[in-house]
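Here the structure comes first, spelled out in C-alpha cells, and everything after it is commentary.
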Protein chains: 2
Amino acid sequence: MDLVRSTIERYVPLKEHEWERVRVCWKELLFPKGEFISRVGDVEHFFYIVRGGVQRLFFEHDGTSICLGFSYDHSWSGDYESFLQQKPGRLNVQAITDTALVGIDHADLIALYDEVPAMDRFGRLILEELLVGRATREIEQIALTAEERYRKLVQRSPHLLQLVPQKDIASYLRMTPETFSRLRAKV
Amino acid sequence: MDLVRSTIERYVPLKEHEWERVRVCWKELLFPKGEFISRVGDVEHFFYIVRGGVQRLFFEHDGTSICLGFSYDHSWSGDYESFLQQKPGRLNVQAITDTALVGIDHADLIALYDEVPAMDRFGRLILEELLVGRATREIEQIALTAEERYRKLVQRSPHLLQLVPQKDIASYLRMTPETFSRLRAKV
DNA sequence: AAAGGCGGTTGATCTGGATCAAGAACGGAT
DNA sequence: ATCCGTTCTTGATCCAGATCAACCGCCTTT
C-alpha cells in the first residue's frame, strides 16, 4: 500500500489518521495478459493506480480497434469517463502485459471526498493533469502530420515501442499499421 | 455577482460567510467584438464565467486558425491549460461578439482553495465535466466522418450556426470552409 | 513438425477531403 | 452610395494516407 500513499502524497500531504482512513479503501487486483479490466457498456466501478504492467484504452469502430491511450507504472488506469459519471462506458481497458493494479471503488472515493478534505484536492489535481495532457495531445493530433506524430512519440516515449504491439501504437497515433510500418522503415 | 454565486452553487453549497469570502475575488470584464481575451505566449491569469457573448478558443497553424472550442452564456472561458499550469499558453481566446465575463485571478483562486474547502470540490467537479466533454469530443472526432460530424453539430447545437462564422465552425469540426459549405448545401 | 493465426512488411491502387481558383454576397467604413 | 475586405460558394484538381492484396516471419497448439 506504500504505492498508494506515496502516489497521493505526491499531490497532497496526509495526516496519519487520514491515511488510516484512506488506506482501507484500496484493493490489490491482478489481471493476466490479455484480460479485460473494463468493458464497453459496463459502468466502471474502480479508479486504479498502476503497480505494474501495461494497459491499453480502446474502442471498436467498423471492426477495428482504436486506441486512445496506454497506462503503465505509476500512472492512472480505468475508464475515467464512465467512472466519473457512473454511466455505462464507451471504452475497453485491457491488460497488454500481466498487470497489477491498486483500485478504489467509486462509492468509497465519494465517501473519502466527504471525510478527508485533502482527497478533494487530490482529485482536483489529478484531473488538472489529465486535462492538460488531453489538451496537449489534441493540439498535436491536429497540427502534426503522421510522420511528425511518429517522430514525436519515438522521441518522447521510446519505451512504448518495446512494450506494446505496433498496431496499437499505430492506432494511438491515428494511422494504419501499414503507414506506421512504412514510417518505421523510412525514419 | 449573482451569476457567480448561482454558478458555483450548481456544484457545491456555500455558507453565507464562505460566499462573502468568495465574492470579493471576482471581477467584471468587458471585451468588444473581436478583442483578444487571451493570447498565445501569455500566461492566462484568469478563469472566467461567461455572462454574455460568444468566444472562440483557437490557435494558428500554417497560417490558418484552428478552432478548438467556443464558450458562451453560462459556460467557462479562458485558456485553462495555461491557467492551470501558469505557463505561457498555446491558445488564443477571442470575443466573437461583444462579451461580458466574470473572472477570478489565479492567485485568488489558489487562496480560496486553501480557505474555502468547498472550492476545492467545485474545482474538482468542473474539471470532471471538462474532461468528460473532451473525451466525448475526442471519440467523435475519430469515429465520425466529416458529414456525420456536421450532422451531429446541427442537431446538438443549432444555435451555434447563427452565432458564429461558418469558417470557425468548419475549423472546429476539423474541415475546410469549402467542405463545410458543400455539406451545408447537400444535407 | 505441421498447421493455423496473428503481426509486421511491402507494393499497387483508391479516395475523402484538401487545395487552388474565381466569383458572388455580405458587411463596415468613409 | 460606393469601396474594400471578408466570408461564402462552386468547380477543378490534387494528395496524404487508407485500403486492398500478397507474403513472410514467429509463436502457439496439437
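Chain A is the first sequence line, chain B the second, and so forth, proteins listed ahead of strands; every chain is numbered from 1. In this text, all values refer to a predicted model and were calculated from it rather than measured experimentally.
Comparing B:Lys33 and B:Ala146 by the nucleotide of DNA chain C whose heavy atom lies nearest to each, the residue mapping closer to the 5' end is B:Ala146.
When all heavy atoms of A:Leu127 and B:Glu128 are compared, the closest pair comes out as CD1-CG, 3.4 Å.
Atom NZ of A:Lys167 and atom P of C:dG5 are 17 Å apart (whole Å). At whole-Å resolution of the value, CG in A:Leu161 and P in C:dG8 are 11 Å apart. In this entry the distance linking OH of A:Tyr150 with C1' of D:dG17 reads 17 Å, nearest Å. Atom CD in A:Gln166 sits about 18 Å away from atom P in C:dC6, given to the nearest Å. As rounded to whole Å, 10 Å separates atom C1' of D:dG17 from atom CZ of A:Arg149. One can place CD of B:Glu147 at 13 Å from P of C:dA18, the figure rounded to the nearest angstrom. Straight-line distance from the NZ atom of B:Lys186 to the P atom of D:dG11: 15 Å, rounded to whole Å. Distance, B:Asp62 CG to D:dA16 C1': 14 Å, rounded to whole Å.
A donor-acceptor contact under 3.5 Å is not formed by the side chain of A:Arg182 with the base of C:dG8.
B:Phe36 and B:Phe58 have tilted rings, their planes meeting at an angle from 30° to 60° on a 0 to 90° scale. Ring geometry for B:Tyr48 versus B:Phe31: interplanar angle over 60°, hence perpendicular rather than tilted (30 to 60°).
Among the protein residues, A:Arg184 comes within range of the sugar-phosphate backbone only, with heavy atoms under 4.0 Å from sugar or phosphate atoms but none that close to a base.
Between B:Arg174 and A:Glu138 there is a salt bridge, since at least one side-chain N of the basic residue sits less than 4.0 Å from a carboxylate O of the acidic one. A salt bridge between A:Arg5 and A:Glu16 is present, with a side-chain N of the basic residue lying under 4.0 Å from a carboxylate O of the acidic one.
Residues from residues 173-181 of chain B with heavy atoms under 4.0 angstrom of DNA chain D, sorted by number: B:Glu178, B:Ser181.
A centroid separation of less than 6.0 Å is found between the aromatic rings of B:Phe83 and B:His106.
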